[in-house]
Amino acid sequence: MSEQSPEGGRYEDEPAHALPEYAERVLDVAELIPPGRVMTYGDVAEWLEQGGPRQVGRVMALYGGAAPWWRVVRADGVLLPGHERRALGHYRAEGTPLKEASRAEGHLPRIDMRRARWDGGDRAEGHT
């Protein structure tokens, strides 16, 4: 794995196609989240002991397409704007706990964070 420069860009000897090391780590965590469970952007950053919710969100926006992106969510359980229908299909297929929405919320459910949130369980041991 290559290291990220302090400015967040690539080092000169890093191949242009390589993922930044932090992005690899974020995507690795997304892959660990079991079907039907979620972690917030902040949870992922806390688990990695690096970055914050915005950095994790940026990684997911830029590189998360091949990962289970729908399992890394906002802390309020609101579905990812612009991807609500696709995410909802994944949540229903995986049995992710949802809260039905009121008319005021646009008729889309939210994730039931109390029941769906995953803390890393036994797999959290030895994370890096």
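Quick caveat, the model's predicted, so the values are computed rather than measured. This chain uses plain numbering: 1 for the first residue, then up along the sequence.
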Practice problem: State, with a plain yes or no, whether a side-chain heavy atom of Trp70 is found less than 4.5 Å away from one of Arg86. | Solution: no

Quiz item: Atom CG of Leu27 and atom CE of Met60: how far apart are they, to the nearest 0.5 Å?
Solution: 6.0 Å

Self-check item: Side-chain heavy atoms of Gln55 within contact of Gln50, under 4.5 Å
Solution: no

Quiz item: Between Arg92 and Pro109, what is the shortest heavy-atom contact and its length?
Solution: NH2-CG, 4.2 Å

Quiz prompt | Reported CG-to-CH2 distance for the pair Leu32 and Trp118, which is rounded to 0.5 angstrom | solution = 5.5 Å

Practice problem: Could you tell me whether Asp112 and Arg115 make a salt bridge, using a distance below 4.0 angstrom between a side-chain N and a carboxylate O? | Solution: yes

Self-check item: Closest contact, heavy atoms only, Gly42 versus Pro53
Solution: CA-CG, 3.8 Å

Exercise. Indicate the atoms forming the closest heavy-atom contact of Asp76 with Met113, along with that distance.
Key: C-CG, 4.4 Å

Quiz item: So which heavy atom on Gly52 is nearest to which on Tyr22, and how close?
Solution: N-OH, 4.2 Å

Quiz item: How about Val72 and Val29: do any of their side-chain heavy atoms sit closer than 4.5 Å?
Solution: no

Exercise. State yes or no: do Val78 and Tyr41 share one hydrophobic cluster built from I, L, V, M, F, W and Y residues joined by side-chain heavy-atom distances below 4.5 Å, directly or via other members?
Key: no

Quiz item: In Å, rounded to the nearest 0.5 Å, how long is the span from CG of Asp119 to CD1 of Ile33?
Solution: 11.5 Å

Quiz item: Is Glu24 close to Tyr63 at the side-chain level, that is, under 4.5 Å between some pair of heavy atoms?
Solution: no

Quiz item: Checking side-chain contact (heavy atoms from CB on, under 4.5 Å) for the pair Leu98/Ile111: CA distance, chi angles, key distance, verdict?
Solution: CA-CA 4 Å; Leu98 300 171; Ile111 299 163; 4.2 Å; yes

Quiz item: If you take all heavy atoms of Ala30 and Pro68, which pair is closest and at what distance?
Solution: O-CG, 3.3 Å

Quiz item: Which atom names give the shortest non-hydrogen contact between Arg117 and Arg37, and what distance separates them?
Solution: O-NH2, 2.5 Å

Self-check item: Flag side-chain contact, heavy atom, 4.5 Å: Pro35 against His90
Solution: no

Quiz item: Which distance, rounded to the nearest 0.5 Å, do you find between the CD of Glu100 and the CG of Leu108?
Solution: 10.0 Å

Quiz prompt | Side-chain heavy atoms of Leu48 within contact of Val26, under 4.5 Å | solution = yes

